[in-house]
There are 2 protein chains.
Amino acid sequence: MTDAQNTIQDVENSSYVLRQLRFLVTNGDVGSNGKLPTERELSETLGVGRRAVRRALEALEAEGLVWRKQGKGTFIGQPPDPTGALAAVIAGQTRASEVAEARLYIEPALAGLCAARAKPDDVRRMRVLAERTHQTADRDAAELWDGALHRMIARTAGNRVLLTAFSLVDEIRSSDAWRALREKARSPDTNDLYARQHMHLIDCIERGDVVGAEEAMRAHLNTLSARMKHVIEDAGTVSDAAGGEDD
Amino acid sequence: MTDAQNTIQDVENSSYVLRQLRFLVTNGDVGSNGKLPTERELSETLGVGRRAVRRALEALEAEGLVWRKQGKGTFIGQPPDPTGALAAVIAGQTRASEVAEARLYIEPALAGLCAARAKPDDVRRMRVLAERTHQTADRDAAELWDGALHRMIARTAGNRVLLTAFSLVDEIRSSDAWRALREKARSPDTNDLYARQHMHLIDCIERGDVVGAEEAMRAHLNTLSARMKHVIEDAGTVSDAAGGEDD
DNA sequence: GGTTGAACCAATCGCAAAGTGGTTCACCTA
DNA sequence: TAGGTGAACCACTTTGCGATTGGTTCAACC
């Protein structure tokens, strides 16, 4: 066996491990919390050294496919957003009206920054998300796509602090009590209005119209807020008569 | 011993415990983390029942002098703000320009809401804080008073979510790296300008002028931001050429 | 020179026991 | 009879320990 052949074998060994792990990550049966087998287990299962497993995992981590933490393990995807715990604390001290109010300041700010910074590819993806929100007949799916659109706008804005504030609101609104409230506010007759508002917002973002984007987002949120308030009044007392809101 | 005398004795016993604990809380030697002795320990030390100790602690808690948590203990003052941990995480992912930018959205919003909701007593206290900020010769003290003024405006705004966003910024800005940056931006020749800006802001709040308060806060922050940017350019490269800012 | 297995280190987790505040109850006293 | 007390019980938090898991280094081997 020559040096060249040995080098080839090493290279094939490395790519074998990487391929196997990539397959596991994208298709495998991992634990309910996304946990992969330990490095030592993978080393045994794949019949390679632990160092080889580590190298492959390092590559996958660099690609953002897994995250690892010493003492804890290796998991699929990205680490959970750290705002969850704080949101749980704040939620108990927050009324629906405060969340809607905060949203009215935070999301237009993010929309404006997004208009200043979005790239053509970003805008394309926003249009796809908006389209999916309004074309699906499944209400739960519509809500997921809508949430994804708002999150994308927030991320594209490129400000970590404001994104965190947005995430905080998002986490609070994802609680069961909030979900029930939003369930009540759903109505087929507002679908067209929301679709139009979304499109107008994305148009402003595409044009780089900061002020326009802020106002479009503000108008959209005010529509949601009015709708939600209406539902609460119809249904009688719930948690907060000035509550918000959903698309 | 008559009924009247017994009632007096009970009352004196209660006030004895309350007095002792109040003294301990305000002058005592408590642990480095502000932890008081346990209820059972205090009961023994003071020679009263645990129920009496609890009643006294309940009163002190209602006065905001202590906070208590089942399983954890009883501590001086108020519970720590829950944003500290999140701020530590976010700080590492945030540039100075993002913090300054976020501040430009969050603090005017809070100033506007504060203008809508402040009571005469609130305004009086803000004036006291502003006065102290600008009359002390001690720069560190000035910074503390200034911070207290901004925090009071944020609290008076009455929105828990936005207050949390503000606290997040506050925590990030209280880190050592940020403090060093602000140290460099201090200058005696801007003291009058900042004092005027503070007074104008508080005037708007007093009048209930929401838009005026927002614009006053925005102008103030822009002055700070420009000042800080200047310092960074003079000093050459630091962490972020577009950094912010301080009073 | 690169891989490997082994050894060691630092961080995390699970668990049981201990500790701490929260609540209830029976008893005692005036 | 009302209020205080000690005891018991409950729910939550902390602590300490052993086991586990990723992070790093090193010597041996090919």
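Just so it is clear, the structure is predicted and the values come from calculations on it, not from any experiment. Per chain, numbering begins at 1; letters A, B, ... match sequence-line order.
Across the protein-nucleic acid pair, B/K35 atom NZ and D/dT13 atom P stand 14 Å apart, rounded to whole Å. Distance B/E41 CD to C/dT20 P: 6 Å, rounded to the nearest Å. Following rounding to the nearest Å, B/E39 (CD) and D/dA7 (P) show an atom-to-atom distance of 16 Å. Note: CZ (A/F75) to C1' (C/dC13) measures 11 Å, nearest angstrom. A/L42 places its CG atom 14 Å from the P atom of C/dT4, with the value rounded to the nearest Å. Computed from coordinates, the A/R54 CZ to C/dT4 C1' distance equals 14 Å when rounded to whole Å. Atom CD in A/E61 sits roughly 14 Å away from atom C1' in D/dT21 (whole-Å rounding). Distance A/R68 CZ to C/dC13 P: 16 Å, rounded to the nearest Å.
Without hydrogens or angle criteria, A/Q20 side chain to A/V17 main chain gives no donor-acceptor distance under 3.5 Å. A donor-acceptor contact shorter than 3.5 Å links the side chain of B/E98 to the backbone of A/R160.
From A/L163, atom CG reaches atom CG of A/L168 across 11.0 Å, with rounding to the nearest 0.5 Å.
B/G71 comes within contact range of at least one nucleobase, with a heavy-atom separation under 4.0 Å.
Applying the 3.5 Å distance criterion, the base of C/dG5 shares no donor-acceptor pair with the side chain of A/R51. Between the side chain of B/R55 and the base of D/dG4, no donor-acceptor pair of N or O atoms lies under 3.5 Å. If you check distances only, the side chain of A/R40 does reach the base of D/dG22 with a donor-acceptor pair under 3.5 Å.
Nucleotides of DNA chain D nearest to B/R50 and B/K72 differ in position, and the one nearer the 5' end is that of B/R50.
In this structure, A/K119 does not pair ionically with A/D122, as no charged nitrogen and carboxylate oxygen lie closer than 4.0 Å.
Taking 4.0 angstrom as the limit, B/T74 places a side-chain polar atom (N or O) nearer than this to OP1 or OP2 of C/dG21. Phosphate proximity of C/dT12 to A/K69: present, with a side-chain N or O under 4.0 Å from OP1 or OP2.
By the neighbour-count criterion of 12 heavy atoms within 6.0 Å, atom CD of B/E44 is sparsely surrounded, having that number or fewer from other residues, nucleotides or ligands.
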